[in-house]
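Right, one structure below, let's go through it.
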Amino acid sequence: MRFIIFPALLFFLSVFASAQQRQYSTTDRQAIKYFALANQRLDENLFDDAVAQLQKAIDADDKFVEAHAVLADIFRTMHQHQPAVDQYLKVIGLNPDFNHSVYLKIGDEEISTAHYEDALQNLEKYLTYPDVTPQSNFRAQKLISDCKFSINAVQHPVPFKPINMGPEINTADDEYLPTATADESTLIFTRKINNNEDFYKSIKVNGKWQTATYLSDQINTPEYNEGAQSISQDGKYLFFTGCNRPDGLGRCDIYIAQKKGDDWGKPYDLPPPVNTPGWESQPSISADGRTLYFVSNRKGGYGGYDIWKSTLTEKGWGEPENLGPNINTAFDEQSPFIHPDDSTLYFCSNGWPGLGGKDLFVSRLGKDGKWQKPENLGYPINTNGDENGLTLTANGKDAFFSSNNLNGYGGFDIYTFELPPNVRPHVVTYVKGKVNDAKTRQPLEAAVEIIDLQKNIPIYQDYSDADQGDFLATITSGKNYGLNISKSGYLFYSENFSLVGHEAKNPFNISVLLEPIEIGNKVVLNNIFFDTNKFDLKPESIAELQKLVDFLTSNPTLHIEISGHTDNVGNDQANQILSENRAKSVYQYLISNNIDAARLFYKGYGKTQPIAPNESEGGRRKNRRTEFKIIAK
């Protein structure tokens, strides 16, 4: 943790002023001379020269306490942790009561060098002094909680076996902040060359990442830095951070770009209230594309940098909302990553108990809709240094991060590792499909919607790609989903993905052929549900029924037949009656929703029109269905 919260030079001058008001601990004139020269160098912010003069002072008199104290403070400011600890120990050895703040500072530095037991002892010693200010007490208590957590964490390490992603991704330059699409077909990351940050991408072919290439001239620029990105699950939208750009509102802003064929469109700056004249960065977009998490130092937060979210409405991005005290602290929270399950958030913080610097944490969304207090990912995932920029694959098993101290190809390299089970998100899979015209086989740009049938709310709404007809959406285990694909002039497509009671290990790959609206063409309504041997519509059917209402309303000249079908189990007459009553239930729902009865006809076919063999439960399930057919235009 870095707790120097006032200008270092001001602190050094105060040390010299107090030294001048009392007797030095040395009478050696040479030592005092070098000490005074160090003071002059500090006035000029020449820290290296000041260090050299203080070393000379100490060489002249090794028991010069003030020289050791100031030298320790300079090393502390320069983040040279072990040299700072060594000098503070010299001060304590020479005069244990020289200045009680030494115990607070050495405790902080010993956390940075992972000497947690020593740090705890010195911090507790600091709190024995009677004149500790409330602010310093707060700092010391925070560091003590870090020590206690760290001692336990080191004694109970978690599995951690990082794997370098290889020369296809990593080079002698810095690579960091990787993000992958849900199907793990594309990886986008930041590469820093000659102090300029740009995006690069790698494509996975036959399970192997290919040599990374420059992302796009539309997004990357030679004069500005682009970084801290978030890719939508389908790879169509890129949210990223751009700083000091002429079209920006503040020092750093969040931008969005949309994929156009094989390239990207020109990015645009998100308008207020997301971006402000302040600092907005590190976006992470939810799986449904409707909630944007980001970091800002705007007013109304809990500390320095906080994590906020904005929700997309019909009028655009809404007023950002702070994630609250279960996420944000009086210190800094950054690098948010919302997993595609939309209920597991990973981020880094130096405010929650950790091992030093910034640690990685996970928080889960509670049943009350609020984020729960975070859990540290543990040691050695977290260390006494800074950890940040963690992202995950959609399956929640594998994580990406970057490091410069694992003997990679040079600088920061990107690594992957298997996340311990206790800090994984919910299991997520995806639906990946292509939409084509059933007659011409040409790709279609169609509306794609996936609905949580229990809640009757959409979790994904977008269009298939106009050029390729493809789409991709993530779905979380434990729920029942309805898929609806529609386009003007075509019958809509219905599919069901029930993940209730089991985890989907494999993705759903589908090919959708949209039928034109012609007499005789049919649609199987896969999201209309009945209890066994009953014909009352279950609540989960409402979303699909409403799609049918909307379809008939948009095509007012159509007449349809609603048909019910069963498998071959049970009495034929009972199945016939059941199928007809189920068709009638749909018929009555449509009438109650202002569809003219003259346009509707219903009929039960029992077991007489199977669409799959009845030899297996899967086949029988397909045969138990409700359909509609165009009978007049």
Side-chain angles (χ1 to χ4, degrees), residues 163-194 196-222 224-243 245 254-268 281-285 287 289 335 337 339-340 389-395 398-403 408-416 430 432 462 465 467-468 470-474 507:
I163 300 172
N164 192 293
M165 295 195 68
E168 292 78 16
I169 304 295
N170 296 312
T171 67
D173 295 302
D174 288 340
E175 286 83 22
Y176 43 87
L177 296 174
T179 54
T181 53
D183 60 356
E184 298 180 49
S185 65
T186 303
L187 184 77
I188 295 178
F189 60 91
T190 303
R191 179 174 287 164
K192 188 176 183 180
I193 302 175
N194 296 325
N196 182 260
E197 294 177 313
D198 285 322
F199 293 125
Y200 283 72
K201 70 174 180 179
S202 177
I203 306 299
K204 184 180 282 188
V205 178
N206 297 324
K208 182 176 174 59
W209 292 108
Q210 304 300 296
T211 300
T213 59
Y214 195 75
L215 181 63
S216 173
D217 285 324
Q218 289 284 79
I219 296 176
N220 292 328
T221 61
Y224 306 110
N225 288 327
E226 293 80 33
Q229 78 284 0
S230 176
I231 187 77
S232 63
Q233 294 302 305
D234 57 8
K236 293 181 180 179
Y237 298 92
L238 185 71
F239 293 79
F240 68 94
T241 305
C243 296
R245 293 166 71 110
I254 296 171
Y255 291 76
I256 182 174
Q258 184 176 6
K259 196 170 186 182
K260 302 288 187 181
D262 292 332
D263 200 0
W264 290 85
K266 184 179 179 181
Y268 67 88
S281 181
Q282 302 172 11
S284 182
I285 190 67
S335 299
F337 174 77
H339 186 263
L390 183 84
T391 62
L392 273 68
T393 55
N395 65 27
D398 300 312
F400 299 104
F401 77 108
S402 58
S403 175
Y409 290 86
F412 280 89
D413 277 9
I414 296 173
Y415 295 80
T416 183
Y430 59 87
K432 186 176 184 179
D462 206 341
D465 184 77
D467 296 323
Q468 303 295 328
D470 61 320
F471 68 91
L472 185 150
T474 55

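Because the structure is a prediction, the values reported are computed rather than measured.
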Note, Y415 side chain near F400 side chain (heavy atom, < 4.5 Å): no
With Y255, which residues qualify under ring-ring contact (aromatic ring centres under 6.0 Å, His included), at least two apart? F240
Using only atom types and a distance under 3.5 Å, with no angle test, would you say the side chain of T391 pairs donor to acceptor with the backbone of P178? yes
Considering residues at least two apart in sequence or located in another chain, which fulfil the ring-ring contact (aromatic ring centres under 6.0 Å, His included) criterion with Y237? none
Ignoring hydrogens and geometry, is there a side-chain-to-backbone donor-acceptor pair from T186 to I203 under 3.5 Å? no
Is the shortest heavy-atom distance from the side chain of F239 to the side chain of Q229 under 4.5 Å? no
Steps toward side-chain contact (heavy atoms from CB on, under 4.5 Å) verdict (E226, R245): CA-CA 10 Å; E226 293 80 33; R245 293 166 71 110; 3.1 Å; yes
State, with a plain yes or no, whether a side-chain heavy atom of L238 is found less than 4.5 Å away from one of I219. yes
For the residue pair M165 and L187, what are the closest heavy atoms and their distance? CE-CD2, 3.9 Å
Just by distance, do the side chain of T179 and the backbone of S230 share a donor-acceptor pair under 3.5 Å? no
Steps toward side-chain contact (heavy atoms from CB on, under 4.5 Å) verdict (Y409, T171): CA-CA 6 Å; Y409 290 86; T171 67; 5.9 Å; no
Any chance you could measure D217, atom CG, to D263, atom CG, to the nearest 0.5 Å? 8.0 Å
Are N225 and C243 side-chain neighbours, meaning at least one heavy-atom pair lies under 4.5 Å? no
With side-chain contact (heavy atoms from CB on, under 4.5 Å) as the criterion, how do N170 and I414 come out once you've worked through the C-alpha distance, each side chain's angles and the decisive distance to 0.1 Å? CA-CA 7 Å; N170 296 312; I414 296 173; 3.7 Å; yes
Under 3.5 Å, side chain of Q282 to main-chain N/O of S335, donor-acceptor pair present? yes
Out of K192, R191, E197, which residue meets the side chain to side chain donor-acceptor pair (under 3.5 Å) rule with Y176? E197
Donor-acceptor contact below 3.5 Å, side chain N220 vs main chain F199: yes
Euclidean distance, D462 CG relative to K236 NZ, rounded to 0.5 Å: 5.0 Å
E168 vs K208 side-chain heavy atoms within contact, under 4.5 Å: yes
For the atom pair CD1 (I231) and OG (S284), what is the distance rounded to the nearest 0.5 Å? 11.5 Å
Which atom pair, heavy atoms only, marks the closest approach of T474 to A287? OG1-CB, 3.3 Å
Any side-chain donor near an acceptor of the partner, T416 and D398, under 3.5 Å: no
Smallest heavy-atom separation, A182 atom then L472 atom, equals CB-CD2, 3.5 Å
Looking at side-chain heavy atoms only, is the closest gap between P283 and T241 below 4.5 Å? yes
Decide yes or no for F471 and D234: does some side-chain heavy atom of the first lie under 4.5 Å from some side-chain heavy atom of the second? no
So does A394 get a backbone contact from the side chain of H339, meaning a donor-acceptor N/O pair under 3.5 Å? yes
For the side chain of S402 and the backbone of F412, is there at least one donor-acceptor N/O pair under 3.5 Å apart? no
Between N196 and D198, is a side-chain contact (heavy atoms from CB on, under 4.5 Å) present by the stated rule, with each step listed? CA-CA 7 Å; N196 182 260; D198 285 322; 2.9 Å; yes
Report yes if some heavy atom in the side chain of I256 is under 4.5 Å from a heavy atom in the side chain of Y268; otherwise report no. yes
Sequence neighbours excluded, which residues qualify as side chain to side chain contact (heavy atoms under 4.5 Å, CB included) partners of S185? T181, D183
